[in-house]
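Here is the structure we will look at.
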Amino acid sequence: MGGTVDYVAMGKRIRQARKKRGLTQAALGEKCCVSGGHIGHVETNHGKVSLEAMVAIANALDVSLDSLLCDSLTSSKPVFENELAELLSQATPKQVKLVAELTKVILRDEFKLRDLERNEE
């Protein structure tokens, strides 16, 4: 993936964290010394954000930068593990079982794909 930032995913994660904390775009913007409109543009990928503003946003939302940028990072497994754990804590026992079964299928298929790729080399 190199140095590419997934601004769409980052904006969605900012919006999700903002709403989880019950903040409006204007309120978050005020905490970060930027306009609410700028927050809206960042959330919808209609504007870029500086590193300083990203740090301010993460601090205002009480989240880590890697949780906002995990879709662009190559070593973000802990972020996704935490996200999955939070989702599973809200699931019914039946849903947890379904997720476990789906995970087994995904992992099994991934191992099969790796074996196929090795055999082609």
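Because the structure is a prediction, the values reported are computed rather than measured. The analysis underlying the following values was restricted to heavy atoms, covering all of them including side chains, and did not include hydrogens, waters or symmetry mates.
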List the atom of Ser64, the atom of Ala58, and the distance in Å for their closest heavy-atom pair.
-> C-CB, 4.4 Å

Single-linkage hydrophobic cluster Val79~Val5, side-chain heavy atoms < 4.5 angstrom | no

Common cluster, Leu68/Phe80, ILVMFWY with side-chain heavy-atom separation under 4.5 Å = no

May I ask you to test the Leu69-Tyr7 pair for a side-chain heavy-atom distance under 4.5 Å?
-> no

Candidate pair Arg15 and Leu28, rule side chain to side chain contact (heavy atoms under 4.5 Å, CB included), full reasoning | CA-CA 10 Å; Arg15 173 176 277 151; Leu28 177 57; over 6 Å; no

Establish whether Val63 and Leu73 are linked, either directly or via other cluster members, by ILVMFWY side-chain heavy-atom contacts under 4.5 Å.
-> yes

Any residue meeting side chain to side chain contact (heavy atoms under 4.5 Å, CB included) with His38, in chain and number order, not counting sequence neighbours | Val34, Ser35, Val42, Val49

Name every donor-acceptor pair, under 3.5 Å, that has one atom in a side chain of residues 89-96 and the other anywhere in the protein, sequence neighbours excluded.
| unit_1 | atom_1 | unit_2 | atom_2 | d |
| --- | --- | --- | --- | --- |
| Ser89 | OG | Glu86 | O | 2.6 |
| Thr92 | OG1 | Gln95 | N | 3.1 |
| Thr92 | OG1 | Gln95 | OE1 | 3.3 |
| Gln95 | OE1 | Thr92 | N | 2.8 |

Is Glu81 salt-bridged to Lys77, cutoff N-O under 4.0 Å?
-> yes

Does the side chain of Ile57 come within less than 4.5 Å of Leu65's, by heavy atoms?
-> no

Rounded to the nearest 0.5 Å, the CE atom of Met10 sits from the OG atom of Ser67 at a distance of 11.5 Å

Is there a side-chain contact between Gln25 and Arg18 (heavy atoms, below 4.5 Å)?
-> yes

Going through the distances and angles, do Ile14 and Met54 end up as a side chain to side chain contact (heavy atoms under 4.5 Å, CB included)?
-> CA-CA 10 Å; Ile14 291 170; Met54 276 302 298; 4.1 Å; yes

Output for pair (Leu98 CG, Thr103 OG1), nearest 0.5 Å, gives 9.0 Å

Can you list the steps and then say if Val105 with Arg108 is a side chain to side chain contact (heavy atoms under 4.5 Å, CB included)?
-> CA-CA 5 Å; Val105 170; Arg108 184 185 64 230; 3.9 Å; yes

Would you mind reporting whether Lys31 and Leu23 have side-chain heavy atoms less than 4.5 Å apart?
-> yes

Quick one: do Glu83 and Arg13 make a salt bridge, cutoff under 4.0 Å?
-> yes

Which heavy atom in Ala53 sits nearest to a heavy atom in Ser50, and how many Å separate them?
-> N-OG, 3.0 Å

Flag side-chain contact, heavy atom, 4.5 Å: Lys48 against His41 | no

Hey, could you give me the CD/CD1 distance between Glu101 and Ile106, rounded to the nearest 0.5 Å?
-> 11.5 Å

